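FYI, the numbering just counts along the sequence from 1. Bear in mind that the values here come from a model prediction, so they are computed numbers and not experimental data. These values consider heavy atoms only, across backbone and side chains, with no hydrogens, waters or symmetry-generated copies.
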Amino acid sequence: MAKKSVGAEIKLTLGQFLASIREDRQLSQRDVERATNKIVSNAYLSQIENDQIKRPSPNILHALAELYAVSYENLMERAGFVAPTRSRSTAEQRHGRVATFAEHNLTGEEEAELVKFLGYLRSRKKP
């Protein structure tokens, strides 16, 4: 993961984000190639996911957004095509960003485990 200084936000790269969403959808890279009618080849997707290609074309991002049922605008922002939007909901303003796992299909049990882990991390913070 791309790390900043201690206490700073850790943000997934576009490639890491796309890989995590693909895995969440239980798709192989070849499945993506088939499902997009070869708009996104498995080799190209591999290069994106391994951060060798950091700014894929908007049509590739659109095909992936459609297939993964995620926000095209989010992918465009992560690829650096558009600046982060200034207009945010109250919850986003409070947290400063969209929830990290908002695009993942978490089970109730997985969500509960994440909340417990977050509690553990927060308990380790120095006052």
Side-chain angles (χ1 to χ4, degrees):
M1 278 188 206
K3 280 194 173 184
K4 295 181 183 178
S5 63
V6 176
E9 176 183 335
I10 297 172
K11 184 167 172 109
L12 295 177
T13 65
L14 172 66
Q16 291 168 329
F17 177 76
L18 288 172
S20 73
I21 295 297
R22 179 181 54 76
E23 291 165 3
D24 180 69
R25 304 304 190 255
Q26 299 180 346
L27 296 169
S28 70
Q29 291 174 340
R30 289 212 185 270
D31 292 336
V32 172
E33 181 178 66
R34 281 190 289 276
T36 62
N37 293 317
K38 297 188 179 186
I39 292 172
V40 183
S41 73
N42 70 317
Y44 192 73
L45 182 58
S46 176
Q47 289 178 315
I48 296 169
E49 290 181 359
N50 289 304
D51 295 320
Q52 294 169 320
I53 297 173
K54 296 184 185 305
R55 201 169 179 180
S57 70
N59 64 322
I60 295 290
L61 295 175
H62 188 267
L64 293 171
E66 290 284 312
L67 176 62
Y68 297 161
V70 299
S71 163
Y72 174 63
E73 292 78 14
N74 180 8
L75 296 186
M76 290 291 285
E77 184 178 313
R78 286 176 181 271
F81 285 107
V82 294
T85 56
R86 297 280 183 231
S87 167
R88 294 179 180 235
S89 69
T90 304
E92 288 176 295
Q93 288 173 4
R94 183 170 150 244
H95 294 289
R97 60 189 168 85
V98 177
T100 302
F101 294 100
E103 302 283 5
H104 289 76
N105 294 321
L106 298 176
T107 65
E109 184 179 325
E110 290 169 331
E111 190 172 332
E113 287 298 316
L114 281 171
V115 170
K116 284 196 298 190
F117 185 65
L118 177 60
Y120 164 73
L121 290 176
R122 288 180 173 168
S123 72
R124 294 180 31 204
K125 284 186 178 178
K126 295 178 184 176

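Here the shortest heavy-atom pairing between Ile39 and Ile60 reads O-CD1, 3.2 Å. Across all their heavy atoms, Asp31 and Gln26 have their closest contact at OD2-O, 4.3 Å. Nearest heavy-atom pair, Leu75 versus Leu61, reported as atom, atom and distance to 0.1 Å: CD1-O, 3.5 Å.
Atom CZ of Arg22 and atom CG of Leu27 lie 7.5 Å apart (nearest 0.5 Å). The CZ atom of Arg34 sits 5.5 Å away from atom OG of Ser28, with the distance rounded to the nearest 0.5 Å. Annotation: the span from Glu33 atom CD to Gln29 atom CD amounts to 9.5 Å, rounded to 0.5 Å.
Looking at residues two or more places apart in sequence or on another chain, you find a side chain to side chain donor-acceptor pair (under 3.5 Å) between Asn59 and Ser57. Scored by the ring pair (Phe, Tyr, Trp, His ring centres under 6.0 Å) test, Phe81 finds no partners at all (sequence neighbours excluded).
Remark: side-chain polar atoms of Arg55 are paired, donor with acceptor, to backbone N or O of Gly80 under 3.5 angstrom. No donor-acceptor pair under 3.5 Å is formed between the side chain of Gln47 and the backbone N or O of Ile53. Judged purely by atom type and a 3.5 angstrom limit, Ser41 has no side-chain atom pairing as donor or acceptor with the backbone of Lys38. With hydrogens and angles ignored, the 3.5 Å screen pairs no side-chain donor or acceptor of Ser46 with any backbone N or O of Asn42. In this structure, Gln16 contributes its side chain and Thr13 its backbone to a donor-acceptor pair below 3.5 Å.
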Between Met76 and His62, does a side chain to side chain contact (heavy atoms under 4.5 Å, CB included) hold up when you go through it step by step?
-> CA-CA 9 Å; Met76 290 291 285; His62 188 267; over 6 Å; no
Donor-acceptor pairs under 3.5 Å, side chain of residues 64-73 to any protein atom, not counting sequence neighbours: which ones?
from	atom 1	to	atom 2	distance (Å)
Ser71	OG	Glu73	N	3.3
Ser71	OG	Glu73	OE1	3.4
Ser71	OG	Asn74	N	3.0

